[in-house]
Amino acid sequence: MNHWYMLTVVGEDRPGIVAHLTHALYEGGCNLGEASMMRLGGNFSIMLMVQSEETKHTLESLIEPVVDSLGLHAHIDKIKGRLHEHQIPDVRIHVYGADRVGIISQVVGALTEAGLSITDLESDVCGTEDMPIYVMIIEGHAAEGVKALRSALDIIANSGVDARIEEIETMIG
Amino acid sequence: MALSQMTILEILKYPDPRLKQESDVVEVFDDVLREFVISLEETMRAGPGGVGIAAPQVAYLQRIVIVDVSARKNTPNNGCMVLINPELIEWDGLKSGREGCMSVPDFTGNVVRAERITLTARDINGEACEFSCEGYEARAVQHEIDHLNGLLFLDRLVSRRNDLFKRKKYK
Ligand SMILES: [Zn+2]
């Protein structure tokens, strides 16, 4: 019996986190699936699908030496998901503006209400410390059409956030 | 052509090594070629995208592609193009867009392509022809010509993060 687990790992970024962790999983007979790994604010974060015959507890002990020696926090959940469940997004929304409290919540709230289901969101705070700029790219599926999302974005734009939407046309050849 | 004579060819899937091979120049324009092109077009139309196909995708390692984006709304196009020995002679503008491939099921990703291209090719009778393409059609042509050179869109993937940084740098 093979189960899929979602392994979440967070810790202060340092060299070798991915190499050590994937090595321990490989040695333990695990199969790795989809992953998102990223440096966020000087921390390293990992979301990784792991397939294994072992129990959650055994998996935890398997990665424990790496987690402890690198000062990481790890969390494992058994998941229902599996591979080959990709959704092709049909819209991409670019948002940027002077950083302020509530910007994500406002933008995402309006878009969700207009039928957006998010498949992917990446955001960054850049600029300078006293004048931070917020940059966000969202991809998703427009369940109620792109027009509805455009109207939602117009309202957001009035509040001083720059936002544009583009349709993603996937060419399969 | 009668339905009974149509042939849907089998699409090679990565990691079939033939997808990474360079295809040969077509030198003979005969009935064998004409019949193959009919089957190739049928195979393209039966596929999930239905807008483009390259001969090596059906294990025929010759420089033949078909692109037809004319069924799409608001898409500038040249109709159904059968391009034999195609060569890009001009290209202009760069744009990132999402691509998938019949030879790489269940994966789509972002690829940067020229926005406008001009190409020369031979038609089915061996006559020289020239086309200018833009946008979605230009993207399809570049994707298919890549197949003739043993390249998949996987060889050209960019992450969205990279895309963002590129724009920051150059704009
Ligand atoms: Zn392809």
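Chain identifiers are assigned alphabetically (A, B, ...) following the order of the sequence lines, protein sequences preceding nucleic acid strands; residue numbering begins at 1 within each chain. Not measured: the values here are computed from a predicted model. Keep in mind that the numbers below use all heavy atoms, side chains included, and drop hydrogens, waters and symmetry copies.
- Cluster annotation: B/F107 and A/L83 are assigned to distinct hydrophobic clusters (Ile/Leu/Val/Met/Phe/Trp/Tyr, side-chain heavy-atom contacts under 4.5 Å, transitive).
- Between B/N110 and A/E139, the shortest heavy-atom contact is ND2-OE2, 4.2 Å.
- Residue A/M171 holds its CE atom at 9.0 Å from CZ of B/F153, rounded to the nearest 0.5 Å.
- Atom CD of B/E22 has more than 12 heavy atoms from other residues, nucleotides or ligands within 6.0 Å.
- Both B/L88 and B/V67 are part of a single hydrophobic cluster, where members link through side-chain heavy atoms under 4.5 Å apart.
- If you take OG on B/S103 and CD1 on A/I172, they are separated by 12.0 Å, rounding to the nearest 0.5 Å.
- When hydrophobic clusters are built by joining Ile, Leu, Val, Met, Phe, Trp and Tyr residues whose side-chain heavy atoms come closer than 4.5 Å, directly or via intermediates, A/V67 is grouped together with A/I46.
- Within the 4.5 Å cutoff, the side chain of A/P89 has heavy atoms near those of the B/R98 side chain.
- Within a 6.0 Å sphere centred on CD of A/E85, heavy atoms belonging to other residues, nucleotides or ligands number more than 12.
- Contact check on B/R72 versus A/E169 returns a salt bridge, with a Lys/Arg side-chain nitrogen under 4.0 Å from an Asp/Glu carboxylate oxygen.
- More than 12 heavy atoms of other residues, nucleotides or ligands lie within 6.0 Å of NZ in B/K20, so this atom counts as buried by the packing criterion.
- Contact annotation for residues 141-149 of chain B against chain A (heavy-atom separation below 4.5 Å, listed by residue number): B/H143, B/E144, B/H147.
- Heavy atoms from other residues, nucleotides or ligands lying under 6.0 Å from OH of A/Y5 number more than 12.
- A chain of hydrophobic side-chain contacts below 4.5 Å, direct or via other Ile, Leu, Val, Met, Phe, Trp or Tyr residues, connects A/I17 to A/L32.
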